[in-house]
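Data first, discussion second: the structure below is written as structure tokens.
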Amino acid sequence: MMHRYLMSIHGTKSKEHLEKVMGEMQELGTPVIRVVDCGDTYFALEGTHRLRAACLLGIAPTLDVVEEQDLVDLTWMDILDNFPDGTVTMPAGEVVAALRDPYGNGCYRIDDDGLLELVQAGI
């Protein structure tokens, strides 16, 4: 299936952090972003600022794709506040369901070359 869209886990938080990530990306090259395959859309489990930087710099990110049923270790992510019950591992599809927000998630269109075009910045 051809994936047309990629959603970020949240919007970018600060211009300063985004600029720092863009500088690092210019030195380090293509970012690798872990994403969940949700049919016609990928949902990024990480890398909000790396996605925006890749979009702005014209770099196609490498997507490390996991399936919705794959277990995800939440301890390395900055989203544990969203799971106050102490959950630290859950299926990727449940992470997506918990964090999908029609306004808060950034959204990108993926072109045929893998480059990203910003559709919605997110909040």
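Numbers here are sequence positions counted from 1.
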Quick note, ring pair (Phe, Tyr, Trp, His ring centres under 6.0 Å) partners involving residues 62-95, not counting sequence neighbours, are none

Report the residues that fulfil side-chain hydrogen bond (donor to acceptor under 3.5 Å, both in side chains) with Asp113, sequence neighbours left out, ordered by chain and then residue number. none

Residues passing the side-chain hydrogen bond (donor to acceptor under 3.5 Å, both in side chains) test with Ser14, sequence neighbours excluded, are none

Quick one: do Ile33 and Val21 end up in the same hydrophobic cluster if we chain Ile, Leu, Val, Met, Phe, Trp and Tyr together by side-chain heavy atoms under 4.5 Å apart? no

When the side chains of residues 43-63 are checked against the rest of the protein, which donor-acceptor pairs come out under 3.5 Å, sequence neighbours left out?
from: Glu46; atom 1: OE2; to: Arg34; atom 2: N; distance (Å): 2.7
from: Thr48; atom 1: OG1; to: His10; atom 2: O; distance (Å): 3.4
from: His49; atom 1: NE2; to: Lys13; atom 2: N; distance (Å): 3.1
from: Arg50; atom 1: NH1; to: Val32; atom 2: O; distance (Å): 2.9
from: Arg52; atom 1: NE; to: Tyr108; atom 2: OH; distance (Å): 3.0
from: Arg52; atom 1: NH2; to: Ala121; atom 2: O; distance (Å): 3.1

Would Leu118 end up clustered with Leu6 when hydrophobic side chains under 4.5 Å apart are linked, directly or stepwise? yes

Is any side-chain heavy atom of Cys38 less than 4.5 Å from a side-chain heavy atom of Val96? yes

For Thr89, the side chain to side chain contact (heavy atoms under 4.5 Å, CB included) test, sequence neighbours excluded, returns Leu71

Measuring from atom CG of Leu116 to atom CD1 of Ile110, what distance do you get when rounded to the nearest 0.5 angstrom? 6.5 Å

With sequence neighbours left out, write down each residue that passes side-chain hydrogen bond (donor to acceptor under 3.5 Å, both in side chains) with Glu117, or none if nothing qualifies. Arg109

Test of understanding: clusters of I, L, V, M, F, W, Y form through side-chain heavy atoms closer than 4.5 Å, transitively. Do Val72 and Met7 belong to the same one? yes

Side chain to side chain contact (heavy atoms under 4.5 Å, CB included) partners for Gln120, two or more places apart: Cys107

Could you tell me which residues satisfy side-chain hydrogen bond (donor to acceptor under 3.5 Å, both in side chains) with Thr30, sequence neighbours excluded, listed by chain and number? none

Test Arg100 against Asn105 for side-chain contact (heavy atoms from CB on, under 4.5 Å), laying out the working first. CA-CA 7 Å; Arg100 182 171 257 160; Asn105 303 118; 4.2 Å; yes

Any side-chain heavy-atom pair of Tyr42 and Val36 under 4.5 Å: no

Going by side-chain hydrogen bond (donor to acceptor under 3.5 Å, both in side chains), name the pairs with one or both residues in residues 63-73, residues two or more places apart or in two chains. Asp73-Thr75

Report yes if the side chains of Leu74 and Met77 come closer than 4.5 Å at any heavy-atom pair, otherwise no. yes

